[in-house]
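What follows is a short report on a single structure.
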Amino acid sequence: MTATGNIRTATLTDVPGLPGIRARHFADASDYERLADLTVEANLADGIPYLPSAQNLQVEMDAAEGADPVDDVILVERDGRVIGAAGVERVVREGVPNYQIWGT
């Protein structure tokens with residue numbers, strides 16, 4: 001099995017710009033705090049009891065084999081505040097690799 005190369009393209013050339021909104025790649029460890037805040041807000045609104053801290057998310061994401069948030073997570077900001085996130089992770093089920101897409 002071979003790994004895919006890093007793909008860094010994140011362009012939306014056919015989509016009109018939205019003032020104050022931007023999508024960007026996960027930048028560094030400081031983004032775990034932003035992602036945790038977003039996840040907690042979304043889960044509270046949905047009645048989901050999982051309320052991770054930034055440290056919880058970092059431990060989980062660092063332990064995910066074949067995943068790198070810098071390559072696999074996109075954050076959406078409005079006026080500098082993270083309001084959405086999406087990503088992909090590789091999961092092996094019964095010896096078969098699967099790719100799961102998630103979003104908040």
Side-chain angles (χ1 to χ4, degrees):
M1 178 180 300
T2 60
T4 58
N6 290 342
I7 300 171
R8 301 288 299 153
T9 304
T11 60
L12 301 171
T13 56
D14 297 329
V15 177
L18 298 170
I21 304 285
R22 78 175 184 129
R24 66 173 177 82
H25 288 277
F26 192 95
D28 55 37
S30 68
D31 278 337
Y32 288 111
E33 188 71 40
R34 293 175 184 94
L35 185 56
D37 290 344
L38 174 69
T39 302
V40 167
E41 281 188 52
N43 288 355
L44 285 171
D46 290 339
I48 298 171
Y50 174 63
L51 306 174
S53 67
Q55 184 179 17
N56 294 138
L57 286 182
Q58 186 168 5
V59 167
E60 287 177 23
M61 293 173 89
D62 285 350
E65 184 179 329
D68 180 353
V70 173
D71 292 325
D72 301 328
V73 176
I74 297 289
L75 300 175
V76 178
E77 297 178 328
R78 178 176 182 206
D79 299 325
R81 179 175 175 245
V82 173
I83 61 167
V88 63
E89 60 186 295
R90 180 178 178 268
V91 178
V92 178
R93 292 195 180 104
E94 297 179 7
V96 178
N98 295 272
Y99 294 88
Q100 296 181 157
I101 298 171
W102 59 267
T104 301

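All heavy atoms count here, side chains included; hydrogens, waters and symmetry mates do not.
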Got a second to check how far [X]'s [atom1] is from [Y]'s [atom2], nearest 0.5 Å?
| X | Y | atom1 | atom2 | answer |
| --- | --- | --- | --- | --- |
| I83 | I21 | CD1 | CD1 | 4.0 Å |
| L38 | R81 | CG | CZ | 8.0 Å |
| D72 | H25 | CG | NE2 | 10.0 Å |
| E89 | Q100 | CD | CD | 5.0 Å |
| Q55 | E60 | CD | CD | 11.5 Å |

Could you check whether atom CZ of R78 has more than 12 heavy atoms from other residues, nucleotides or ligands sitting under 6.0 Å from it?
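Result for CZ/R78: open.
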Under 3.5 Å donor-acceptor, D31 side chain and F26 backbone:
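A pair under 3.5 Å: no.
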Exactly one of D46, L51, L44 should register a side chain to side chain contact (heavy atoms under 4.5 Å, CB included) with I48. Which one does?
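One option only clears the test, and that one is D46.
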What are the two closest heavy atoms between [X] and [Y], and how far apart are they?
| X | Y | answer |
| --- | --- | --- |
| A85 | L35 | CB-CD1, 3.6 Å |
| P97 | G95 | CD-O, 3.8 Å |
| S53 | A36 | C-CB, 3.7 Å |

With a 4.5 Å cut-off on side-chain heavy atoms, are P52 and V40 touching?
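Of all side-chain heavy-atom pairs linking P52 with V40, at least one is under 4.5 Å.
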I'd like to know if [Y] and [X] are part of one continuous hydrophobic network [Ile/Leu/Val/Met/Phe/Trp/Tyr, side-chain heavy atoms within less than 4.5 Å].
| X | Y | value |
| --- | --- | --- |
| W102 | V82 | yes |
| Y50 | V59 | no |
| I101 | Y99 | yes |

